[in-house]
Every structure is written in structure tokens, then in C-alpha cells.
Asks: 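Handing you a structure now.
Just so we're clear, the structure is a prediction, and the values are computed from it rather than from any experiment.
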Amino acid sequence: MIKTELINTLDHLNTVIENDRADSADYQQAASRLSELVNGTIGIRELSFISQAIGRSLTNSELADLILAAQANKPLNEVLQLPAEADAAYTIKYQRRQAGMTQVELAKKIGIEQSQLAKIENGSLKVSLNLLQKAMTVFGRSYIVKAL
């Protein structure tokens, strides 16, 4: 699906959801399709993390970009700029998953507890530059802070 088609689909689904009764068949179909599009590609936790990081709801255009990136297995922070701390946290989580590592494995390699890593990845604990550097070293990657 191309971006314009996806935006039109999202617009239509949101219109049905906003205007139809919750017990109507159209509402149920629209809600199911929207859930399939979003949760089937991005995931509710990532979507929540991103919305919280940017401090607002996503536009349908941004949501379409995220869905298309997820379908292409691209990092979501390549299509939507996040604040530096959220970007670093997302990058650690993305790279860990790409490496097929558990939180326990990565935490051990960078010298922290798994619970701390979980908090970093969900955005409730800020990642230090030293810890970010250690994590990127484990992945054999560098990390560049992007200008706003």
C-alpha cells in the first residue's frame, strides 16, 4: 500500500469510528481494521512510546509513515524525529531486537540490571551517554544525535 492510500484508509476508518455508534457493524469493522493496521505492524507499546515522546497524538500522515516503515522493517525513528532521549532509548531497543538479544543479555553486557534496561527502553529512565556508548559498542554501531 502506498502512503496516500494508507492515509485515505486511516482517514476513512477514523471518520467511521468518530461518527458511528460503537455497537454498529461499521464501527466494529473500522475499529478492527485500524487495530490490524496499527497493532499488526507497529504495536501498541511502541505507538504509545512515540506519542508520549513527541507529546501529542500522531497525524494520519505520521501514522502512515510509521506503518510503512514497520512493514519494511525499518527503525521508526528514521521516519519520525524523536527527542534525543527518546531516540536513544528507541535505538537501544531496536538494535537489541535486531541482534536477537534479550534485555537480560544486553543488561549484563553493559553492566546494569535488566529492570533498569526495561525502564530505559520504555522511556521511564533516561539513558546516560556512557550507557548509550556501551550499548552501541555491543551492537558494533555508532549513534549520532540529530539536530532538531
Asks: Apply side-chain contact (heavy atoms from CB on, under 4.5 Å) to the pair T137 and K134, showing each step before the final yes or no.
Replies: CA-CA 5 Å; T137 299; K134 285 180 184 180; 5.6 Å; no
Asks: Looking at N60 and L10, what are the two nearest heavy atoms and their distance?
Replies: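 Result for this residue pair: O-CD1, 3.5 Å.
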Asks: Scan R96, R45, R97 and name whichever one has a salt bridge (Lys or Arg N to Asp or Glu O under 4.0 Å) with E121.
Replies: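 That would be R96.
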Asks: If you count the non-hydrogen atoms of other residues, nucleotides and ligands that lie under 6.0 Å from CZ in R56, is the total more than 12?
Replies: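 Counting other residues, nucleotides and ligands, CZ of R56 exceeds 12 neighbours.
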Asks: Going by side chain to side chain donor-acceptor pair (under 3.5 Å), name the residues that satisfy it together with T91, two or more places apart in sequence or in a different chain.
Replies: N77
Asks: Please name the pair of heavy atoms, one in S57 and one in E62, separated by the smallest distance, quoted to 0.1 Å.
Replies: O-OE1, 4.4 Å
Asks: If you take all heavy atoms of K3 and S61, which pair is closest and at what distance?
Replies: NZ-OG, 3.2 Å
Asks: Do T15 side-chain atoms and D11 backbone N/O form a donor-acceptor pair below 3.5 Å?
Replies: yes
Asks: Check whether more than 12 heavy atoms from other residues, nucleotides or ligands sit under 6.0 Å from atom CD of E46, and answer yes or no.
Replies: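 Yes - once you tally the heavy atoms of other residues, nucleotides and ligands closer than 6.0 Å, there are more than 12.
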Asks: Applying side chain to side chain contact (heavy atoms under 4.5 Å, CB included), can you list everything that pairs with R33, at least two apart in sequence or on another chain?
Replies: M1, L13, E36, L37
Asks: Count the heavy atoms belonging to other residues, nucleotides or ligands that lie under 6.0 Å from CD of Q52, then report whether that count exceeds 12.
Replies: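 Open: at most 12 neighbouring heavy atoms sit under 6.0 Å from CD of Q52.
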Asks: Show your working on side-chain contact (heavy atoms from CB on, under 4.5 Å) between V138 and M101 and close with a plain yes or no.
Replies: CA-CA 11 Å; V138 168; M101 296 178 74; 4.1 Å; yes
Asks: Starting from Y90, can I reach I92 by hopping between I/L/V/M/F/W/Y residues whose side chains sit under 4.5 Å apart?
Replies: no
Asks: Is there side-chain contact between D26 and R21, with at least one heavy-atom pair below 4.5 Å?
Replies: no
Asks: Keeping the roles fixed (side chain from S32, backbone from Q28), state whether a donor-acceptor pair exists under 3.5 Å.
Replies: no
Asks: Decide side-chain contact (heavy atoms from CB on, under 4.5 Å) for Q98 and N73; before the verdict, give the C-alpha distance in whole Å, the side-chain angles of both, and the deciding distance to 0.1 Å.
Replies: CA-CA 10 Å; Q98 290 297 108; N73 201 30; 3.9 Å; yes
Asks: Transitively linked via ILVMFWY side-chain contacts under 4.5 Å: I144 with L132?
Replies: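 Result: no, two separate clusters.
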Asks: Can you tell me how far apart CD1 (I50) and CG (L66) are? Round to the nearest 0.5 Å.
Replies: 5.0 Å
Asks: Just list the side-chain donor-acceptor pairs under 3.5 Å for residues 106-118, sequence neighbours left out, or say none.
Replies:
from: Q114; atom 1: NE2; to: Q103; atom 2: OE1; distance (Å): 2.5
from: Q116; atom 1: OE1; to: E113; atom 2: N; distance (Å): 3.0

Asks: Where do F49 and A86 come nearest, in terms of heavy atoms and distance?
Replies: CZ-O, 3.5 Å
Asks: Can you hop from F139 to I120 via hydrophobic side chains spaced under 4.5 Å?
Replies: yes
Asks: Checking L76 against L82 for the side-chain contact (heavy atoms from CB on, under 4.5 Å) test, could you report, in this order, the C-alpha distance in whole Å, the side-chain angles of both residues, the deciding distance, and whether it holds?
Replies: CA-CA 9 Å; L76 303 182; L82 301 174; over 6 Å; no
Asks: Following the transitive rule for hydrophobic clusters with a side-chain heavy-atom cut-off under 4.5 Å over Ile, Leu, Val, Met, Phe, Trp and Tyr, establish whether L34 and V16 coincide in one cluster.
Replies: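 As far as the 4.5 Å side-chain criterion goes, V16 and L34 are not connected within one cluster.
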Asks: Counting only heavy atoms from other residues, nucleotides and ligands, does the tally under 6.0 Å from CD1 of I2 exceed 12?
Replies: yes
Asks: Say you draw a straight line from CD1 of I7 to OG1 of T59; how long is it, rounded to the nearest 0.5 Å?
Replies: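 Result: 7.5 Å between the selected atoms.
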Asks: To the nearest 0.5 Å, how far apart are CG in L68 and CD in Q71?
Replies: 5.5 Å
Asks: Are P75 and Q95 close enough that some pair of their side-chain heavy atoms sits under 4.5 Å apart?
Replies: no
Asks: Check the side chains of N122 and S124 for a donor-acceptor pair under 3.5 angstrom, ignoring hydrogens and angles.
Replies: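 S124 vs N122: donor-acceptor pair found between side chains.
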Asks: As an exercise, state the distance from CD1 of I54 to CG of L80, rounded to the nearest 0.5 Å.
Replies: 5.0 Å
Asks: When rounded to the nearest 0.5 angstrom, what is the spacing between CG in L47 and CG in N39?
Replies: 7.5 Å
Asks: Side chains of D87 and Y143, heavy atoms from C-beta outward: is any pair under 4.5 Å?
Replies: yes
